[in-house]
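Here's the structure, in structure tokens; my notes come after.
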Amino acid sequence: LYVEGGFKSGLYLGLGLYDLRGGGALGDDSSLGLVLGITGHLPVSERLSVLLELSGHYAALDQTQFLLMGHVGVGYRF
């Protein structure tokens, strides 16, 4: 975990099961895979913050092997 002022960030590495169900020409496929990601938390106020996440995924699927995913959200602390 990295903290700079109010900004917090972290890295993660994980193992997952990827299961695609496309039907038709794509067919169905599943595989074990890896994920590497970075997260960020930027406080806007005492209770409100902006959450960021970017991750890269690898899975030995027939149609694709590398996937990228990004999220931006708002967090509210009760």
Side-chain angles (χ1 to χ4, degrees):
L1 184 65
Y2 174 75
V3 178
E4 177 65 37
F7 183 76
K8 297 178 186 177
S9 65
L11 293 172
Y12 62 90
L13 176 66
L15 179 67
L17 176 63
Y18 295 82
D19 189 25
L20 299 179
R21 297 183 187 267
L26 294 177
D28 297 338
D29 195 9
S30 62
S31 172
L32 284 175
L34 297 172
V35 60
L36 175 64
I38 184 168
T39 62
H41 175 262
L42 180 63
V44 176
S45 69
E46 186 177 316
R47 294 185 176 258
L48 193 64
S49 60
V50 175
L51 308 170
L52 308 164
E53 180 179 349
L54 182 62
S55 59
H57 303 257
Y58 170 79
L61 300 168
D62 292 337
Q63 297 296 321
T64 187
Q65 285 79 40
F66 297 100
L67 306 162
L68 289 176
M69 182 174 65
H71 291 220
V72 176
V74 176
Y76 182 77
R77 190 180 233 172
F78 293 72

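- In this structure, L48 CG and R77 CZ are separated by 11.5 Å, a value rounded to the nearest 0.5 Å.
- Pairing each heavy atom of Y12 with each of T39, the nearest pair is CE2-CG2, 3.6 Å.
- With rounding to the nearest 0.5 Å, the separation of CG in L51 from CG in L42 is 9.5 Å.
- Scanning both residues, F7 and G40, for their nearest heavy atoms gives CZ-CA, 4.0 Å.
- Listed here is the closest heavy atom pair of V50 and V44: CG2-CG2, 3.8 Å.
- Of all non-hydrogen atoms in A59 and S31, the two that sit nearest each other are C-OG, 4.2 Å.
- Rounding to the nearest 0.5 Å gives a distance of 9.5 Å between CD1 of I38 and CG of L52.
- Relative orientation of the F66 and Y58 rings is tilted, given thresholds of 30° and 60° on the angle between their planes.
- Two residues are said to be in side-chain contact when any heavy atoms from C-beta on lie closer than 4.5 Å; L15 and L34 meet this criterion.
- What you find for S49 and P43 is that their closest heavy atoms are CB-CA, 3.8 Å.
- The distance from the CE atom of M69 to the CD atom of E53 is 5.0 Å, given to the nearest 0.5 Å.
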Open item on the list: Evaluate H57 against S55 for side-chain hydrogen bond (donor to acceptor under 3.5 Å, both in side chains), listing each step before the verdict.
Closed with: CA-CA 7 Å; H57 303 257; S55 59; 3.0 Å; yes

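- Checking side-chain atoms of R47 against main-chain N and O of Y76 turns up no donor-acceptor pair under 3.5 Å.
- A distance of 11.5 Å separates CG of L61 from CG of D28, quoted to the nearest 0.5 Å.
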